[in-house]
Amino acid sequence: MVAINLWSSLTRFTEGARVVEVEAETVGGALDRLVADYPGLEPIIEAGVSVVVDGEVAPNRHTKVPEGAEVVLMQRLKGG
Amino acid sequence: MRYHTPTTFEDAAQLAARAKGLTRFLAGGTDVLVQMRAGMVQPDDLIDLKKIAGVSEITATDDGGWRIGVAVPGIALGAHEGLCADWPGVVEGMELVGSTQIQGRATLTGNLCNGSPAADSVPGLVAAGASVEITGPDGTRTVPVEDIPVSPGKTALEAGELISAILLPPRGQNAGDAYLRFIPRTEMDIAVVGSAVSLRLDGDTVSDARVALGAVAPTVKLVPEAAEAIIGTTLDESALEALAKAASAACSPIDDKRGTVAFRTEVAGVLTKRAALIAKARAKGDTA
Amino acid sequence: MSKVHVTTSVNGDEVEFLADPRETLLDCLRDHIGLTGSKEGCGTGDCGACSVTLDGALVCSCLVLGVEADGKRVETIEGMADGAELHPLQRKFIEHAALQCGFCTPGILVAAKKLLETNPNPTEEEVRYWLAGNLCRCTGYDKIIRAVMDAAAELRQEAA
Amino acid sequence: MAKDEFKEFKLVGTRPDRPDGLDKVTGRARYGADISAPGMLWAAVLRSPHAHARIVKIDTSKAEALSGVKAVITRADFPTGLTGEDWNLQENTMAGERALYDGHAVAAVAATSKLRAEEAVRLIEVEYEVLPHVIDVDDAIKPDAPVIREGAADATVPEGMPPNVVRYMEFGRGDVEAGFAEADLVMEKTYKTEATHQGYIEPHACMGQMGADGKGEMWVCTQGQWFIRKMCAAVLGLETSQLRVTPSEIGGGFGGKTTIFMEPLSLALSKKAGGKPVKLVMSRSEVLRATGPTASASMDVKIGMKKDGTITGARAEFRMQGGAFPGSPVDMALYCCFAPYKLENVEHIGYDVLANRPKCAAYRAPGSPMGAFAVESLLDEMCRELDVDPLEMRLKNAVREGDTASYGPKYGSIGLVETLEATKAHPNLSIPLGPNQGRGIAAGYWFNHNGETSVSLAISEDGTAQVSVGTPDIGGSRASIALMTAETLGIPYEDVRVNVVETGALGVNEPTHGSRATFASGKAAVVAAGHAITEMCKRAANEWGIDPEAVEWVDGAAQPAGDNAGKFPPMTIAEIAGKMGSTGGPISGHHESVPEGVGASFGCHVVDVEVDPETGRTTILRYLVVQDAGRAIHPAYVEGQYQGGAAQGIGWALNEAYIYGEDGRLQNSVFLDYRVPVASDLPMIDTVIVEVPNPGHPYGVRGVGETGITPPLPAIANAIQEATGARLCDLPMSPPKVLAAIKAKGG
């Protein structure tokens, strides 16, 4: 199981939970699971999010999520 | 657009008088070209004055004053020792117009004819008691500089008339002038407030003075009340306060992108005090 | 709208072109004679990227009409190096990393050259005020000022 | 400060001449507007004079009848049915039913000359029905504000929010109220910042060519040629691969050239004009009115602090408008605003709001300067109130490796403490100040970014190397990439040529943005060089008849790895390359990835100002930038980034702002009144490059381009308070505002 930290305005779609647990081994798997469990999140994840695994922005969907890793969902990061 | 290069002011006046559409005169071009580029002005006839003999010259007049050609750029004013010695306030006003590059082109006459209340060179000319020679289809006339601007962007020149020279009076002894402006940056801005003071000393006492303000009214403004506040004084603290008060009281500015009413009114007083002190120091022989 | 035949000298070469009287000298340099080193950053004389000298006077070529150049001498960035040998200012700009994007660089070099011809030993403040009409958005001016001061020192040494 | 293992480099850390220097000091370098082609037409654009208006009718017949006019287009010439950001881009490129801001494009013309195109634009007649408009973010968020667009809100916006709120977020951790209860001092204030423009000196320029067969070419000044390709294709309904985009040299971007504004117009005009190339160059006024400035912000911040300076709780609620489209960087502002501080209790709330202004674009650390202005200003006031040294307060609360960031994730290796210590040690801090002078300190943060990256490297027959990168060189990245490549290959810097290539030459690259060029393209070039080295070792091994594993690469040559491998003299890169045709063919290296290991960069600035108490004018006396670069590959260009960021921040703090009239029109669309700093406004800008190497990069690089614009806004506000006693909470701190603040406090 992986615990995913959401930004709290997303709790409207997760029955109030700020941290949700999903079964996943990769970033992509975790996102797919999230959408499956909480369909309200789909447009937000579709629009683009950054997934931070143990402090590092995951470069792609195949990035491994180790058991017990810290996973934080953030709005997509870019720059000037 | 037709481009003309007359060789006399009379021809230039005739061209302008005959032109049917929109006419503009070209000397330095630093305002006209910007307006053309922005699409604000699309002249049908553009009359370049730079082929007229003498327009790029600064000459001493018989009475001890100066005659400045309409195409003399700022950089040439600053390089003229005699003019700088007599009228440093007039020269520094012109030198504040734009960058080094603008100084290579921009002229006193153009700055005056643009009709902006914020024109940096105009308060100094007004404080100096300068006048302009105007050539029209019916001959020439001479008019004080303060009578040229009538409202923002408008001058007292009639159709077919153009300025053919700027005339500075003789400076005389124990006199000095100065111009200060306020801008948010150190360069490249339009004055938020401008203030020029010209004065003469009798010993340590101000015997004669003229004060002119820019950017605080629809036109550059001669402020006799401000001059009266310092005539007969030694520019002591209370005279300076009275000067600042009179300058501020003469302001009727607007709120705009460059400054507020309150700011312009306040700073007009501050700058006038500072300009008066510089003018006094110059009258006493300080060349800075 | 008839065009005007203009004969002028650009970087020492006699050049002829036909100009619409509304076209600026900058337009003519860039579009008629292919000298694109002078840049248009504003078109209003506020940025200095189009700086050239006209009969020796430093001007913004966006504020000069092409027809006004008739019979005059124009010097642009393209004429600054002596063949393959760079002007000391050009060399010092590279050495001091005084450019980032490089777009303002031609205008600044032309303006700085005129400064050093006018005043071979400028103070930092004099350099800053002379170049106040040349906007640079990348560098914060620090390395530009250093490069100009260093080139001035080198030129003084050469002259001594 | 460099760690020992980084001291042995031959090239990394040196300051050679940049490879494109000669072109750029001689006027030869070709920028956007310098490109022309045979048969080329010129374009001009008609723009809305209204902030908000329904377009009732457009009559282009007179323009079309003008001799020399080859094409006139309106929105009717664009495909329909786009959604999401694609629709936003299309709508911003050319107005549809309504003009949404002053300067919004309404029609465009291509003609045989620039003057003719401008004449034709003046002949287009548009009938507008002027609608109510809203400019200020606090007005735009009111429930009864004019509605910019129905249905623009995304799923994050709860029911019942005001109509112009299009994105909403809240996040944080701990119990912020409990944090405030623990504090000895709790302060809360509201701050505002006005929109500013990136102000690159080169206006947007492109030349587009598009045939009836759907094949197109574009030459354009851009930070990202693949973004241009993708966005133009989306807006015009093209097949992406049929459009080839070649970047010119770029005259500054700072984020503003990461997207499209008028580029699709040149392609659409070209297609309508029978495939002739069409050049479109913006005027400065068009740049300021119709390209992306940054957002304007209204921000509430509340912080609790103990007497010893410990922060016990922090809350930020930011409202930002990014123009008539979603996309203000309110999220980034919130992420960055408390990032330097270790916080147990923190809460963030953000609103993205629409207003009748141009669509904002990224601007150097998007959002971060605004958030820093609010938070670093309030912290400074609290330090004054509690008599705590502002630098010590920052050290006490500073985040370190392993700490959880205010916005969620854990920090890897970071250099904030080292940066603050280096600041403390700098001599500028002990220079005595005179009357009306003040010193201000502030910290700042930017994440830095990785992004899609594809790089190719090829060894030439003479043993030199060429590197093809997809990130345009805005400020010297060719030099830094050449240094790292040469260091890796063991060859002279001059033997590497770095080319910025067109979209046909590499896989997709994100733009030069997010301070990523030297990090991401540099890292990929190093990996690609490694692949080439592996191949060259193999070629040598084959020549020698030994196992490739037994060959190592030292100083630009293959050599046997130890005596057991055999005794052969080193084989240089030139020798291997000279024979490559007969030893297996071309030798190259390639790498593509979204690189891991981005290193965040913290900075701390110290500014000394003098304020004229009679006019409110602020003079910058001294300025110090201290920032962690990870490792400075070419220190001169790192310093340049620090100095440039500081100068832009100084402009934003003191004088730059979008000024709108009551009619919603932009009043200062020229450089005369959009007041970027000029040379005489600034002092020399002192820099200290702190080097806490980023373990995620082979040479320790962190991005350095963006952090530097973040601290100046609050640092200057803090200095002005020390100089005058007056606290400015509303940017810009222009003389009228400073004078009014001095008078209000009775000074």
Side-chain angles (χ1 to χ4, degrees), chain B residues 1-5 21-22 24-51 56 71-79 92 95-107 110-111 114 183-190, chain C residues 1-6 19-27 38 40 42-72 107-108 110-115 118-119 122 125-135:
Chain B
M1 186 183 82
R2 288 168 295 270
Y3 173 71
H4 308 277
T5 53
L22 187 62
R24 282 289 182 274
F25 294 105
L26 175 66
T30 53
D31 287 314
V32 172
L33 263 68
V34 172
Q35 291 158 2
M36 283 165 62
R37 165 81 199 198
M40 287 156 59
V41 171
Q42 302 288 334
D44 299 292
D45 290 278
L46 186 69
I47 305 174
D48 188 343
L49 305 175
K50 290 191 291 295
K51 306 270 179 189
S56 299
V72 173
I75 202 159
L77 290 185
E92 73 196 351
E95 286 185 317
L96 286 172
V97 176
S99 60
T100 322
Q101 287 85 338
I102 302 294
Q103 285 294 306
R105 296 274 290 169
T107 66
N111 201 221
N114 195 41
I183 54 171
R185 291 182 290 189
T186 52
E187 275 282 2
M188 303 304 291
D189 280 327
I190 301 290
Chain C
M1 201 101 17
S2 62
K3 293 197 172 186
V4 177
H5 180 255
V6 177
D20 183 302
R22 293 169 296 176
E23 287 177 313
T24 65
L25 175 57
L26 178 62
D27 293 333
S38 306
E40 178 163 318
C42 68
T44 51
D46 298 311
C47 81
C50 65
S51 296
V52 301
T53 61
L54 182 68
D55 276 356
L58 180 66
V59 299
C60 287
S61 58
C62 75
L63 293 187
V64 177
L65 292 175
V67 292
E68 290 183 82
D70 190 55
K72 296 197 181 292
I108 291 185
V110 168
K113 178 165 176 269
K114 180 68 192 170
L115 165 65
T118 310
N119 177 2
E125 192 182 19
E126 285 169 338
V127 177
R128 288 187 180 276
Y129 274 87
W130 183 277
L131 294 178
N134 289 88
L135 299 181

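We use all heavy atoms of the structure for the numbers below, so side chains are in, but hydrogens, waters and symmetry mates are not. A, B, ... follow the sequence lines: proteins, then strands. Residue 1 opens every chain.
Smallest separation of non-hydrogen atoms from C:D46 and B:M188: O-CE, 3.6 Å.
Between chain B and the residues C:G45, C:C42, C:G48, the largest count of heavy-atom pairs under 4.5 Å involves C:G45. Between chain C and the residues B:D31, B:L33, B:V32, the most heavy-atom pairs under 4.5 angstrom are made by B:L33.
Rounded to the nearest 0.5 angstrom, B:Q101 CD and C:L63 CG are separated by 9.5 Å. B:Y3 OH to C:D20 CG: the interatomic distance, rounded to the nearest 0.5 Å, is 13.0 Å. Taking OG1 of C:T24 as the start and CE of B:M36 as the end, the distance is 9.5 Å to the nearest 0.5 Å. Here the straight-line distance linking atom CH2 of C:W130 with atom CD of B:Q103 works out to 10.0 Å at 0.5 Å rounding. How far OG of B:S99 is from CG of C:L58: 7.5 Å, rounded to the nearest 0.5 Å.
The contact between B:T186 and chain C is made by backbone and side chain atoms together, counting heavy-atom distances below 4.5 Å. Neither the backbone nor the side chain of C:V4 has a heavy atom closer than 4.5 Å to any heavy atom of chain B. At a 4.5 Å heavy-atom cutoff, the contact between C:L54 and chain B is made by side-chain atoms alone.
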**OP:** Please report the C-alpha distance between C:L65 and B:L26 in whole Å, then the side-chain angles of each, then the deciding distance to 0.1 Å, and finally whether the side-chain contact (heavy atoms from CB on, under 4.5 Å) criterion is met.
**Re:** CA-CA 10 Å; C:L65 292 175; B:L26 175 66; 3.9 Å; yes
Original post:
Do B:E187 and C:R128 pass the salt bridge (charged side-chain N to carboxylate O under 4.0 Å, His left out) test, and can you show the C-alpha distance, the side-chain angles, and the key distance before you say yes or no?
Top reply: CA-CA 10 Å; B:E187 275 282 2; C:R128 288 187 180 276; over 6 Å; no
Subject >> Candidate pair C:E40 and B:R37, rule salt bridge (charged side-chain N to carboxylate O under 4.0 Å, His left out), full reasoning >> reply: CA-CA 12 Å; C:E40 178 163 318; B:R37 165 81 199 198; 2.7 Å; yes
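The residues C:E68 and B:K51 are annotated as not salt-bridged, no charged nitrogen and carboxylate oxygen being separated by less than 4.0 angstrom.
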